[in-house]
Amino acid sequence: MPIETSSAPSPITTIADIGKHEGQSVTLRGWLYNLRASGKLLFPIFRDGTGTIQGIVPKAAVPEHVFETLKSLTLESSLVVTGRVRADARAPSGFELDVDDVTITQRIPDETPYPIQLKEAGVDFLMENRHLWIRTPRQSSILRIRATIMRAAAKYFDTNGFIRTDPPILTPNACEGTSELFEMDYFGDDKAYLTQSGQLYIEATAMALGRVYSFGPTFRAEKSKTRRHLTEFWMIEPEVTYMDLDGLMSLAEAFLTHIVTRVLELHTADLKTIGKDVTKLEAVIAPSPFPRLTYDEAHAMLVDAHDKGLIETVHQYGDDFGSPDETFISSQFTKPVMVHRYPAAVKAFYMQPDPQDPTKALCVDVLAPEGYGEIIGGSQRVDDYDLLKSRIESHNLPMAAFQWYLDLRKYGSVPHSGFGMGIERCVAWICGLEHVRETIPFARTLNRIYP
RNA sequence: UCCUGAGUAGCUCAAUGGCAGAGCAUUCGGCUGUUAACCGAAGGGUUGUAGGUUCGAGUCCUACCUCAGGAGCCA
């Protein structure tokens, strides 16, 4: 069977590149995606990971064994097919393959047909068969876009003077002291926890390198069961010295604009497969700034919306925004909206108070459009030793565990800011998905750790 | 943790307390332009589990299990 080289006279290519070979004979290596037959004419659809293409097999035009082999071939059997590329207006991709020869790599037996049909299926069944579900065009498109988003996100920082510094995944204590963490035994007496954020550590690397970011998996053991939550997800976090909240918001804006721009450049076909309206993404990168709302302004917007009967819940001033609140706020804009200066009481201990109003924190949540909610959370950090120490005390956090973190304020403290973006929520928003479980190859959720 | 909903063929779903059904998938047959192709036929069931009510339970009751998505919490 052909692996890297082939004895076949036709060059090996991919379906994505098939247009470059119009009129030529090529060899494709992949799987049988679907098969339609009309008497002495077969329409096999081939898939190779880069796309799909329909083959044409007239009984009179091919050797007997080629016709008979394909006629009874089971879906998702693997194969190597040779044929001539022909432009055809009837084909969705514009090209069809006049099949000359086929070699079966592995034929799926009739008794054990491929479990996933082309027709609709339920969530439970699909997730139970996630290792196979990812073969479908829609899931493949999502994973390709995910890869672009991750690459574009990292590249944005790489090309803007940031150094990637990876924080530990095993940590001795909670970062923010709030979230539920996955706990594990660490050589007997000690406990270790899976990280919920690398932020505290990259504050340290920022003091060493100036502009840094981290990019890796993050874990939350909270029993959240919604379309926005995973127990294991990927987060990219920049941290910058001598940057204030306004600078951080500008950074987040430029960062998101770059990511959306790259997706639009590279994935019009994938976005079409998924069914995403690209005009929604084009609106995001239109040349105007992202709206910025203070907490107070957002609160007023919610009160007004409730008065007009647009939302059911009544937002209490001083409370954090609930999911329905965020959904409403973001639905009022076509671009991501940045809500800043929340009450310090509902935010993390490490956030710098606003000098104009110390009851507010210099923090920002970026809410994605179309009701997708929070995709970025960030803040300017407390840079004063005594204030940070008193915050750790008032939040009942173990002082000993934070000695190294306090050292950052003891030895050459500087103003600094950073944010974290959840990759899966970003992918869900850009792709227009109902649930984050489709944005990662193998989602880990409250009730599922298989496959 | 709380609230709500759902479990029937491999998959998606029907079935007023009264014979367990359909489409797709699989197998067999037909069709030379099909687009989740279509047409004909066949095989395929411990109705999530355990009890209970009833002449009779997929259907009603109780408990449990599994899953879903909403709250809280968060990215």
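First the proteins, then the strands, lettered A, B, ... as listed; each starts at 1.
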Any strand, both distances under 3.5 Å, Watson-Crick or G-U wobble: B/rA50 pairs with B/rU62

- Task: Taking atom P in both B/rC19 and B/rU47, compute the distance separating them and give it to the nearest angstrom.
- Result: 15 Å

For the C1' atoms, the ones on B/rC65 and on B/rC74, what distance do you get once it is rounded to whole angstrom? 29 Å

Query raised in the report: Quick one: do A/Arg164 and A/Asp158 make a salt bridge, cutoff under 4.0 Å?
Result: no

Between B/rG7 and B/rA50, how far apart are the two C1' atoms, rounded to whole Å? 16 Å

Check this for me: does any side-chain nitrogen of one of A/Glu374 and A/Arg425 sit under 4.0 Å from a carboxylate oxygen of the other? no

In plain terms, say whether A/Arg228 and A/Glu326 are close enough for a salt bridge, that is, a side-chain N and a carboxylate O under 4.0 Å apart.
-> no

When rounded to whole Å, the CG to C1' distance for the pair A/Leu75 and B/rU27 reads 14 Å

The nucleotide from B/rC67, B/rC74, B/rU34 with an atom nearest the side chain of A/Arg228 is B/rC74

To the nearest angstrom, the CG-P distance between A/Leu32 and B/rA36 comes to 16 Å

RNA chain B nearest-nucleotide lookup for A/Phe233 and A/Glu96: closer to the 5′ end is A/Glu96

Between A/Asn34 and A/Lys223, the residue closer to the 5' end of RNA chain B by nearest nucleotide is A/Lys223

Regarding the side chain of A/Phe125, the nearest nucleotide among B/rC11, B/rA75, B/rU27 is B/rC11

Closest to the side chain of A/His229, out of B/rC11, B/rG33, B/rC74, is B/rC74

In whole Å, what separates the P atom of B/rG44 from that of B/rA9?
15 Å

- Can you say whether the rings of A/Phe349 and A/Phe402 are parallel (under 30°), tilted (30 to 60°) or perpendicular (over 60°)? perpendicular

Margin query: Using the C1' atom as the point on both nucleotides, what is the distance between B/rG43 and B/rC55, in whole Å?
Written below: 35 Å

Problem - Same-atom distance (P) from B/rG52 to B/rU16, integer angstrom - result: 25 Å

Here the distance between atom C1' of B/rG10 and atom CD of A/Glu76, to the nearest Å, is 16 Å

Need one value for A/Leu230: base, sugar-phosphate or nothing, where a base atom within 4.0 Å counts as base even if backbone is also close, heavy atoms only. base

Quiz item: On a plain distance test, is the side chain of A/Ser224 in donor-acceptor contact with the base of B/rC73 below 3.5 Å?
Solution: yes

With the side chain defined as heavy atoms from C-beta on, A/Pro113 is closest, among B/rC74, B/rU34, B/rU26, to B/rU26

Out of B/rC73, B/rC24, B/rU12, minimum distance to the side chain of A/Lys119 belongs to B/rC24

Review point. What interatomic distance, in whole Å, is found between C1' of B/rU49 and the corresponding atom of B/rA6?
Key: 16 Å

Q. Which part of the nucleic acid, if any, lies within contact of A/Ile116, taking any heavy atom under 4.0 Å across all strands shown: a base, the sugar-phosphate backbone alone, or nothing?
A. nothing

* Asked: Are A/Arg130 and A/Glu438 ion-paired here, with the side-chain N under 4.0 Å from a carboxylate O?
  -> no

Answer for the Watson-Crick or wobble partner of B/rC67, both distances under 3.5 Å, is B/rG5

Among the nucleotides B/rG33, B/rU1, B/rC67, whichever has the atom closest to the side chain of A/Arg90 is B/rG33

- Look at all strands and tell whether A/Arg86 reaches a base, only sugar-phosphate, or nothing, counting heavy atoms closer than 4.0 Å. base

Checking all strands, does A/Gly122 fall into the base, sugar-phosphate, or nothing category for heavy-atom contacts under 4.0 angstrom?
-> sugar-phosphate

Which of B/rU32, B/rG33, B/rC74 is nearest the side chain of A/Ala60? It is B/rU32

*asked:* Quick test of your reading of the model: are A/Asp124 and A/Arg448 salt-bridged, counting only N-O distances below 4.0 Å?
replied: yes

The nucleotide from B/rA68, B/rC73, B/rG70 with an atom nearest the side chain of A/Ser323 is B/rC73

### base_contact_polar (B/rU12 base, A/Gln117 side chain, donor-acceptor, <3.5 Å)
no

When rounded to whole Å, the CD to P distance for the pair A/Glu312 and B/rG70 reads 15 Å

Scanning all shown strands, the Watson-Crick or wobble mate of B/rG18 with both distances under 3.5 Å is B/rC55

Students often get this wrong, so: under 4.0 angstrom with heavy atoms, is A/Gln54 touching a base, only sugar-phosphate, or nothing?
base

Does A/Arg36 have a side-chain nitrogen or oxygen under 4.0 Å from the phosphate oxygens OP1 or OP2 of B/rA37? yes

Mind checking if A/Ala91 touches a base, just sugar-phosphate, or nothing, with heavy atoms under 4.0 Å? nothing

key: Residues A/Arg47, A/Glu76; criterion salt bridge (Lys or Arg N to Asp or Glu O under 4.0 Å); working and verdict   = CA-CA 9 Å; A/Arg47 170 182 85 71; A/Glu76 280 299 318; 2.8 Å; yes

Quick note, A/Arg448 side chain, CB onward, closest among B/rA71, B/rA68, B/rA75 is B/rA68

note: A/Phe67, atom CZ; B/rU32, atom P; distance rounded to Å ~ 9 Å

To the nearest angstrom, the CG-P distance between A/Leu181 and B/rC73 comes to 17 Å

Do A/Arg425 and B/rC74 share a donor-acceptor pair, side chain to base, under 3.5 Å?
yes

Using Watson-Crick geometry (N1-N3 plus N6-O4 or O6-N4) or G-U wobble (N1-O2, O6-N3), each under 3.5 Å, B/rU27 is paired with B/rA41

Winner on side-chain proximity to A/Leu118, out of B/rU32, B/rA36, B/rA75, is B/rA36

In Watson-Crick or G-U wobble terms, with both distances under 3.5 Å, the base opposite B/rC74 is none

Indicate yes or no: at least one non-hydrogen side-chain atom of A/His435 is less than 4.5 angstrom from one of A/Val123.
no

Between CG of A/Asn447 and P of B/rG5 the distance, given in whole Å, is 18 Å

Open item on the list: When you measure from the side-chain N and O atoms of A/Arg227 to the phosphate of B/rC74, is any distance below 4.0 Å, counting only OP1 and OP2?
Closed with: no

Between A/Ser77 and A/Thr74, the two heavy atoms sitting closest are OG-OG1, 2.8 Å

> Expressed in whole Å, how much space separates the P atoms belonging to B/rA63 and B/rC3?
Replying inline: 13 Å

Pairing partner of B/rU35, by Watson-Crick or G-U wobble and under 3.5 Å for both distances, is none

**Request:** Mind checking A/His435 for me? I need base, sugar-phosphate or nothing, with any heavy atom below 4.0 Å counting as a touch.
**Result:** sugar-phosphate

Rounded to whole Å, OH of A/Tyr33 lies from C1' of B/rA36 at a distance of 8 Å

